[in-house]
Each structure stands twice: as structure tokens, then as C-alpha cells.
Amino acid sequence: MKEIMSFILQINMRLKMRFRGIFVFLFVLFFIELVLAGFVWNANGYYDVDEEDEGVQGIAFGGAYYEAIATNADIKSEGDKTIVNVKEGGMIEIKGIKYNIDSGKKNVFVFDKKGNLIEGTKFSVPKEGGEYRLDGFDVPLSGGTEVVYEKDKIVLKIPEGGEISEPKKVDEDAKGVFSYQADGEIKLNDEIIKGRGDGSEIYYDKNGFYILDNVNVMTENGKNDFLINSPEGKKTYLVFEEGKINDDLSSVFIGKDKVVLTNLNGKGGSVFFAEDNRLGIKTSSTNTVSAQVIYGKVIIDKAGEGDLGKLANVKISGESVVNLDHRIFYADNNELYFNAKGNSIKGFEHGDSDASIKLSLIDDDGKNINGFDVYSNGNDQYASVAPGQFESPLEFFKTSGDFYVSSSVAFNQLTPSSQDYYAGLGEAEQSKLLNYVGEGSGVKGVGESSALLQGTLNELIAEEIRRKQNPIKASVRIPSKGGSGTIIGVDKNDGRAIVVTCGHGSGSPKGSRHRVQLTDGSEIRGVSLGYAGTHLSGADMTIIKLDNPIKDLSYIPVASESHVADVGDPVLRIGCPGCGQFKQTQTTINRFSSGGSVGTRDSGGWGVQGGESGGGLFHEGRLIGIVSTGGGGQGWYTGTDDIRSFLTQNGYDYLINIIIFML
């Protein structure tokens, strides 16, 4: 100010005497106008801005003008600080920017000697929200936000459900750091974010939004979508425009159909996908997927569109890691490795089986550097498949390990027997089935179509089973011993049929050979696996295993313990009297012995005849007895307790009322 006064005096001295009076007069008028306009000579302090409105006060900082004005406020100085306490009904304007405040709350503005807001400033945003000039940034804030200036950051306490968006820098030298805090969900760039634990805390600096701990990204219906972790308190930036990804920073790009983790300079952020994730990764409490970027990138693309959807595609580079529960795929020196017992990504809970995904090894430009992709089918099974090796409309690949992997989530979610059934269909039948499930049904979404496909295949398999579970077709003649028998299923290891018959007719040491004839007249040989007793002992039965699998096999499972048959129930006996033609006899249960044997009485027949020994007694589609002896209109049968016990002793308990589907 002294320099200005000196300059004015020098001008006045140089003017001719007759002009000095005019100059002084004009200068006085100009000075009065400055005062009326709010400018003063004293650059430090607070003054009434307008004598006509004593409630309006101004504060000047380092110059001859007011940099802040306030109404209904208490203003005081403490050393180099100026403190403005805006009372209820008051307002404040700083450097031409009016701060809308919730006048019902305590609002304190603390200035340094240069007029900058500093630590101790605290104010509340009214319900209509607005944009505020904070530390050289214009910051949009939701109504109800509480602003608190701390030593090294500005804390913005956002109400639950509030929105935050990127601040706009208006001062090139601005170095503001903002901490957005919320006890519940907040909306960030159209994404719903929620803290994992004590609340959300998201920061902002010149590089964008970042986290130091972890946050959940939520679905629109309020469920977890995926969790983001930042390692060891380091910054992990949240990016919402793919073009703004900075490869040199630990960052996670959050897109509608893609998630990209990037850090070319060390260990970066990690993600853990929840059950309802946007990328179509089929996870649950029992199978989970997580990934971490290390000196490279992890790119996760959404599963392909369509009712029968493709797998989500996970691409990794550098030293990055993908966890399928406790099983790890990791990149190292442009090679892909697998560890079946590892778990290198911290901070996540895991299930006990992997999820269905496609995995690729890429370079930092996103190019696949191997001639294959790895497919996980969600059953702890993996296969590397070269491009073009998939077949059929549903695109599955049967590996050398005799299991299936597929680029279709729907196929991978099928049960093993359903996968076998679908694979055994012709391509035209497969296309017809998929057309029904994918288009004709009107079902939308991979989850719904997987369930519908499984249900449809279940119906087809059940129909096939009903066709195959024909008691007469499951019956056999055993001419080598002059008896009969029943096919009850197949050995799960080699698919060879298992026949039960009586012990007294064909009982022989383990390993003895037998001829077995089917109802179509074909004959096949088999070997005895052992026998239990004779018709005098009650447990009168033998197991014979045929030498070769049978195409279009028919069989009848043994009744389980839950299968109930009562006295008076109608039953069916099938055997070959005299070892001749197959005969079906309708009879009725008339007794159960204390030892578990079953007795029947024919309604006008001869009862059990020679050659029927070993034949089956059937009740509601299940084998409940093996013919042992009879006559005079009656029959006696080895009961299910003895049959189940003998099968269990020989390792065939899985044939008891369990459907074994064979192609």
C-alpha cells in the first residue's frame, strides 16, 4: 500500500499546479467509491461491508478488497487465523463463490492469513446439495454431506445413498486430497459402492478416486457384485473410463461388461467375485473366483451373450494370479502355471471347488501368447484346448481324462450323466434340443437356461430309463445251470452288466463261468463273483458279472430300505419254467418270514416251477426277491435284506435303487 501511495504522490508532484487540485478531487471521489464498493486500505481484519446493512461483514486478506463476506456470523481473529462462525439463518461467500450451508447446523470457517480455508473448517450441505470450491477444486456434494477440513485431507461425510462424482480442478497448483466416508451405500459414477466392515472410505487426489483398504461394488438390487482389495495400505485407483487407465498405477477399471486390473510396477489390487456378479462368472459359497494383478494386467470379460451363454474370459499377464478357490493359475515369464493347493490372494474367503471360466495368457498389450486356452468346468477339472477343437452346437470338448469342458456355462453346469447323454445325441438332435431351450422356451439368462436344459435332459433321461427298466427285458435265462436271473445294473468301473440269480441253481466258487441268454435270444458269457447259501439257508443268491458291456441295456434296480411292500400287494414273477420260454406270473405277497424271506400265492397257478429258480420278483418297478423254491401255488424268495447285504459285501451297494445311466 505504501508503494501505491508513493506512486500517486509522484504523479501529483509532476502535475502542474493548476491540475493538482483536480487530481486530488478525483482521487478522493475514487477512494470513496472503493470504500462504498467494499475496498479498504487496511488489508487485514474484518469490517462492515455496507453501513446500511450492519449484518453483512467482510474479511480482507492480503489486499484492499473483501475476499469473504458473511451475514449473521461471529467473526474473530486468533493469531494468523480468522474464524467465522455462521449462525442459524446466516450465509457466507468466499472469493465470489457463495457456500450454501445447512443453517440449522453448526458451520465454522477457519481462514489462514492468505484467505485459504484450513484445518478446523466444518460445515454442512443443505438438502438440495450443490457444488463447492474446496482446495482449488469444484466438488459436487449431495445434500446432507458434512465437510470437515483436517490437517492433510478434507473429509466429506456422505449420507447413505448419497452420490459422489469427480471434482473439477480450477487451480493448476491445487493438491487437494478428499476422503469420502459413508456408513452405508454411496453411488460413485453410477456404481453402488459399500464398505466391507465399518463403512466406505474412498479417496480422491489428482490421479482420481482410490481406496486404501477394500470396498464392495454392489448390484442394482443391493447384492454384492465383487469386492476390491488394495494391498498393504497402498493406493488402488477406481477407474470408470477405460481410456483413463494408467498402467503405472495400481488400478481397477469397473465397466459394465469388463473388469481390468492394472499395475506394471508391482503388486496391485485384487478382486473377489460374488454370486450375482455382472460378468457371468458362476460362483456360489462352494466355488469362487478371485484375481490379483502383479507386474502386469488381469482382464476379465463378461460371459458371451445368449441364453446358453459362454464362459467369462480371464486374461492374465506379468506375474498375475487367478484363484479358483484354493487352486491357483499364475503367469511367470510368459508361461502359465498351476498349483492345485495354493492360495496366494489374501483377504478372501474361499469355497472348496472351482468355478467355470476360460483362462488365457496374454502380453501387456492384451495379445494371447499361447496357442491354447485353459477351461475350468467347475468340477475341479481343467483342460487346455486349442482353438477350433470344440464340437457340437453347445461347444464341449472331451479330454483325455474322460471328462468334459465347455465354453458354455450351461453345459458345464450339467450333471455328469446329463453331459454324457447330450454328448451321445446326434448333432441334429442337439440343435433341436438347444433351439427349444434357448429360443422356443422364451427363457432369458444363463442361470435360467442352465436349469431348463438340465430339467429337459432329466426328462429325456427318465424316459430312457423308463424304457430300459422293463422287467421282462431285464430278465435272463441261465442254461448252464437250468435257471433264471435278473440284470440289476452295471459295474461303475467298466460298464459290464451285473446279474443276480439263486445260489442253489448256479452256486459255484468265485470265478466259475456261465452262459447267460437275453430275451432277444443273444447269448453272452459271465463269471461268478461268489454265492451265498442255498434254498435251505434263506440267503439263496449268486452274482454273475457279464464279460462285455451290452448296448441298449435294460435293468431293474434292487429296492432300497425305504421301498415298502406289504402283505396283499400284487407282484410280478418272471422266470423260465423248464429253462424254456420266459414267463410272467402275476402273484400276491402273502407272508414275510422272520428271516426276511418273501412268500407268495398264485391265484390259480401251479406256483414256482423248476427252471424259474433265480428269477426276479418285482414290486412297483423294483426287484424285491429272487426265486428260491416253491410249489402247490406258492413261492419262496430271498428277500431284499439278504440281497442288499450280499451286494454290499461285494462292493455293489451303489446298485441298490440307484439309477446308473448307460449310453
Undergrad: Would you mind reporting whether Leu553 and Val490 have side-chain heavy atoms less than 4.5 Å apart?
TA: yes
Undergrad: Considering only heavy atoms from C-beta outward, does the side chain of Lys545 approach that of Tyr652 to under 4.5 Å?
TA: yes
Undergrad: For Phe209, give me all partners under ring-ring contact (aromatic ring centres under 6.0 Å, His included), at least two apart in sequence or on another chain.
TA: Tyr180, Tyr204
Undergrad: Counting N and O atoms only, with roles assigned by atom type, does the side chain of Arg496 sit under 3.5 Å from a partner on the main chain of Leu546, one being a donor and the other an acceptor?
TA: yes
Undergrad: Would you say that more than 12 heavy atoms from the other residues, nucleotides or ligands in this model lie under 6.0 Å from the NZ of Lys122, or not?
TA: no
Undergrad: Kindly say whether Asn339 contributes a backbone atom to a donor-acceptor pair with the side chain of Tyr330 at under 3.5 angstrom?
TA: no
Undergrad: Which atom names give the shortest non-hydrogen contact between Phe137 and Ala174, and what distance separates them?
TA: CE1-CB, 3.6 Å
Undergrad: Without hydrogens or angle criteria, can the side chains of Ser356 and Asn377 be said to hold a donor-acceptor pair below 3.5 Å?
TA: no
Undergrad: Just by distance, do the side chain of Ser406 and the backbone of Leu394 share a donor-acceptor pair under 3.5 Å?
TA: yes
Undergrad: Before giving the answer on side-chain hydrogen bond (donor to acceptor under 3.5 Å, both in side chains), spell out for Asn334 and Asn370 the whole-Å C-alpha distance, their side-chain angles and the decisive distance to 0.1 Å.
TA: CA-CA 9 Å; Asn334 289 341; Asn370 277 338; over 6 Å; no
Undergrad: Any non-hydrogen side-chain atom of Leu227 less than 4.5 Å from a side-chain atom of Val215?
TA: no
Undergrad: Test Ile202 against Ile193 for side chain to side chain contact (heavy atoms under 4.5 Å, CB included), laying out the working first.
TA: CA-CA 9 Å; Ile202 300 173; Ile193 308 292; 3.6 Å; yes
Undergrad: Between Leu117 and Ile154, is there a side-chain heavy-atom distance shorter than 4.5 Å?
TA: no
Undergrad: Using the side chain to side chain contact (heavy atoms under 4.5 Å, CB included) rule, take Glu150 and Val155 through it: C-alpha gap first, then chi angles, then the decisive distance, then the call.
TA: CA-CA 7 Å; Glu150 296 183 355; Val155 176; 3.5 Å; yes
Undergrad: Pick one: which of Asp332, Ile316, Val321 meets side-chain contact (heavy atoms from CB on, under 4.5 Å) with Ile294?
TA: Val321
Undergrad: Which residues satisfy the salt bridge (charged side-chain N to carboxylate O under 4.0 Å, His left out) test with Glu172, sequence neighbours excluded?
TA: none
Undergrad: Got a sec, which pairs hit side-chain hydrogen bond (donor to acceptor under 3.5 Å, both in side chains) with one end in residues 291-300, sequence neighbours left out?
TA: none
Undergrad: Verify, without hydrogens or angle tests, whether Asn323 (side chain) and His326 (backbone) share a donor-acceptor contact under 3.5 angstrom.
TA: no
Undergrad: For Val125, is there any backbone N or O sitting under 3.5 Å from a side-chain donor or acceptor partner on Thr145?
TA: no
Undergrad: Between Asp354 and Ser376, does a side-chain hydrogen bond (donor to acceptor under 3.5 Å, both in side chains) hold up when you go through it step by step?
TA: CA-CA 8 Å; Asp354 66 73; Ser376 164; 2.4 Å; yes
Undergrad: Between Asn412 and Leu311, is the side chain to side chain contact (heavy atoms under 4.5 Å, CB included) condition met? List the steps.
TA: CA-CA 9 Å; Asn412 283 325; Leu311 296 180; 3.7 Å; yes
Undergrad: Report the residues that fulfil side chain to side chain contact (heavy atoms under 4.5 Å, CB included) with Leu249, sequence neighbours left out, ordered by chain and then residue number.
TA: Asn207, Tyr237, Asn246
Undergrad: For Lys187, enumerate each residue passing the salt bridge (charged side-chain N to carboxylate O under 4.0 Å, His left out) test, keeping only those at least two apart in sequence or located in another chain.
TA: none
Undergrad: For the residue pair Val409 and Gly280, what are the closest heavy atoms and their distance?
TA: CG2-O, 4.5 Å
Undergrad: Without swapping roles, check the side chain of Asn287 against the backbone of Ser284 for a donor-acceptor pair under 3.5 Å.
TA: yes
Undergrad: Write out all pairs satisfying side-chain hydrogen bond (donor to acceptor under 3.5 Å, both in side chains) with one or both partners inside residues 129-142, taking only residues at least two apart or from two chains.
TA: Arg133-Asp138
Undergrad: If a pair satisfies ring-ring contact (aromatic ring centres under 6.0 Å, His included) and one of its residues is in residues 360-388, list it, with sequence neighbours excluded.
TA: Phe329-Tyr382, Phe338-Tyr382, Tyr375-Phe390
Undergrad: Any side-chain heavy atom of Val385 within less than 4.5 Å of one from Val405?
TA: yes
Undergrad: For Glu185, which residues count as a salt bridge (charged side-chain N to carboxylate O under 4.0 Å, His left out) partner, sequence neighbours excluded?
TA: none
Undergrad: Answer yes if the side chains of Tyr203 and Glu201 hold a donor-acceptor pair under 3.5 Å, and no otherwise.
TA: yes
Undergrad: Which residues satisfy the ring-ring contact (aromatic ring centres under 6.0 Å, His included) test with Phe411, sequence neighbours excluded?
TA: Phe396, Tyr404, Tyr422
Undergrad: Is the backbone N or O of Glu427 less than 3.5 Å from a side-chain atom of Ser431, with the two atoms forming a donor-acceptor pair by type?
TA: yes
Undergrad: Return the set of residues passing ring-ring contact (aromatic ring centres under 6.0 Å, His included) with Phe397 (not counting sequence neighbours), or none when no residue passes.
TA: none
Undergrad: Under the 3.5 angstrom rule, does the side chain of Asp112 hit a backbone N or O of Lys114 as a donor-acceptor pair?
TA: yes
Undergrad: Which donor-acceptor pairs under 3.5 Å do side chains of residues 250-275 form with protein atoms, sequence neighbours excluded?
TA:
from, atom 1, to, atom 2, distance (Å)
Ser250, OG, Thr236, OG1, 3.2
Ser250, OG, Gly269, N, 3.1
Lys258, NZ, Glu242, OE2, 3.3
Asn263, OD1, Asn265, N, 3.1
Asn263, ND2, Gly266, O, 3.2
Asn263, ND2, Lys267, O, 3.2
Asn265, ND2, Asp248, O, 2.9

Undergrad: Measure the shortest side-chain to side-chain distance between Gln454 and Thr456 over non-hydrogen atoms and say whether it is less than 4.5 angstrom.
TA: no
Undergrad: For Asn379 and Gln381, indicate whether the former's side chain and the latter's backbone hold a donor-acceptor pair under 3.5 Å.
TA: no
Undergrad: Does Asp301 pair with Lys315 as a salt bridge, N-O distance under 4.0 Å?
TA: yes
Undergrad: Can you list everything that forms a salt bridge (charged side-chain N to carboxylate O under 4.0 Å, His left out) with Arg278? Sequence neighbours excluded, please.
TA: Glu191, Asp225
Undergrad: For the residue pair Ile498 and Leu655, establish whether any side-chain heavy-atom pair is separated by less than 4.5 Å.
TA: yes
Undergrad: Could you check whether any side-chain N or O of Ser407 sits under 3.5 Å from a backbone N or O of Lys310, counting only pairs where one atom can act as donor and the other as acceptor?
TA: no
Undergrad: For atom CD of Glu241, is the number of surrounding heavy atoms from other residues, nucleotides or ligands below 6.0 Å larger than 12?
TA: no
Undergrad: Side chains of Val374 and Leu336: closer than 4.5 Å at any heavy-atom pair?
TA: yes
Undergrad: Hey, are Ser417 and Gln419 close enough side-chain-wise for a donor-acceptor pair under 3.5 Å?
TA: no
